[in-house]
Amino acid sequence: MTADWLSRTMDLGVVAGELDDLDDDSVAVSRTAAERLGDSVGAKIRLTLGDGTPAELRVIALYTRGLGFGELTLSHALVAGHVDDPLGTVLVAAPSVTRADLERAVPGVSVLDRAQAAEAVTANAEVNYVAMGLIIAFAAIAVVNTLAMSTSARSRELALLRLIGTTRRQTLRMLRLETLIAVAIAVIIGTAIALVTLSAFSTGMTGSAVPYIPPLTYLAVISAATVLALVATALPGRLALSRQLG
């Protein structure tokens, strides 16, 4: 990219230096990458470009939004000759230039305005959400089937409990308590496994072993799993007890 109009097309969250100084002999670095490499503004770093060409560049700025954009920001003129696709996605801030002018200047390139670009990004995110939703749905079906079958298979055990004087309410309470214990164990084990994986990923990406976990999202997942487990146990249990009474 070029430094011209850079502040009009993106906000990297610069915390040191100036992006306006970006040229073919310099580079802007994310703060997490700079901390990992031990670099600061004014330091020299050695890079290998896309085709294997070595380059020694001066750090002119540090920014905070590396995870959302990239760890390094280089000028377009420096990178263009060392990659297969020098165009990719280009952000343009030119009030006096129309979309038709851009399409004529670069034939075959799709030109999107701000709203269309945001819509394209949203569409890609929606595809990921749909895929994730299908995975969660299949997992939920598997959990419900397993719990329902295991509860139904205990019909003789439940009948024996009724014969020795256990009331219907006590039997259902026992099933709920067993389910809550199983859910608690699953939450502890699942959280521990996720923390190990996320901590390793977070350490590699940000340098911190503490991953970001939204509290409300975490509680929502646990609550949904708990409700699902209770329903998948209570309904077969009630059905089994109703058949015995019949």
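The chain is numbered in sequence order, starting from 1. Fair warning: this is a prediction, and the values are worked out from it, not measured in the lab.
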Co-membership, hydrophobic cluster, residues [X] and [Y], 4.5 Å side-chain:
| X | Y | value |
| --- | --- | --- |
| Ile222 | Val143 | no |
| Leu160 | Leu172 | yes |
| Val231 | Val144 | no |

### Task
Please say whether more than 12 non-hydrogen atoms of neighbouring residues, nucleotides or ligands are located less than 6.0 Å from CE in Met174.
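Counting other residues, nucleotides and ligands, CE of Met174 exceeds 12 neighbours.
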For residues [X] and [Y], determine if any side-chain heavy atom of one lies less than 4.5 Å from a side-chain heavy atom of the other.
| X | Y | answer |
| --- | --- | --- |
| Val210 | Ser199 | no |
| Glu56 | Ile45 | no |
| Thr73 | Val27 | no |

### Message
As a quick check of understanding, evaluate side-chain contact (heavy atoms from CB on, under 4.5 Å) for Thr179 and Thr226, giving each step before the final call.
### Response
CA-CA 8 Å; Thr179 301; Thr226 302; over 6 Å; no
To the nearest 0.5 angstrom, please state how far the [atom1] atom of [X] sits from the [atom2] atom of [Y].
| X | Y | atom1 | atom2 | result |
| --- | --- | --- | --- | --- |
| Ile141 | Ile136 | CD1 | CD1 | 12.0 Å |
| Leu228 | Ser223 | CG | OG | 12.0 Å |
| Leu62 | Ser40 | CG | OG | 7.0 Å |
| Thr166 | Arg173 | OG1 | CZ | 11.5 Å |
| Thr151 | Leu239 | OG1 | CG | 11.0 Å |
| Tyr212 | Leu198 | OH | CG | 13.0 Å |

Heavy-atom closest contact ([X] atom, [Y] atom, distance):
| X | Y | answer |
| --- | --- | --- |
| Val29 | Ala34 | CG1-N, 3.8 Å |
| Leu74 | Leu57 | CD2-CD1, 3.6 Å |
| Leu175 | Gly237 | CD1-CA, 3.9 Å |
| Glu71 | Ala33 | OE1-CB, 3.4 Å |
| Ile60 | Ala28 | CD1-CB, 4.2 Å |
| Ala229 | Leu147 | CA-CD1, 3.6 Å |

### Task
Could you tell me whether Glu178 and Arg154 make a salt bridge, using a distance below 4.0 angstrom between a side-chain N and a carboxylate O?
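Arg154 and Glu178: salt-bridged.
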### Message
I need the full list of salt bridge (Lys or Arg N to Asp or Glu O under 4.0 Å) pairs touching residues 215-232, with sequence neighbours left out, sorted by first then second residue.
### Response
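Listed once each, the pairs would be none.
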### Task
Say whether, by atom type as modelled, one donor and one acceptor occur between the side chain of Ser26 and the main chain of Val59 under 3.5 angstrom.
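No.
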### Main-chain N/O of Ile213 paired with Thr217 side-chain donor or acceptor, under 3.5 Å
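A pair under 3.5 Å: no.
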### Task
Test Ile185 against every option in Ile188, Ile189, Val187 by the side chain to side chain contact (heavy atoms under 4.5 Å, CB included) rule and name the one that passes.
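So the option named by the test is Ile189.
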#### Entry: side chain to side chain donor-acceptor pair (under 3.5 Å) against Thr171, all qualifying residues, sequence neighbours excluded
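Here no residue qualifies.
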### Query
Checking side-chain contact (heavy atoms from CB on, under 4.5 Å) for the pair Leu230/Thr233: CA distance, chi angles, key distance, verdict?
CA-CA 5 Å; Leu230 288 173; Thr233 302; 6.0 Å; no
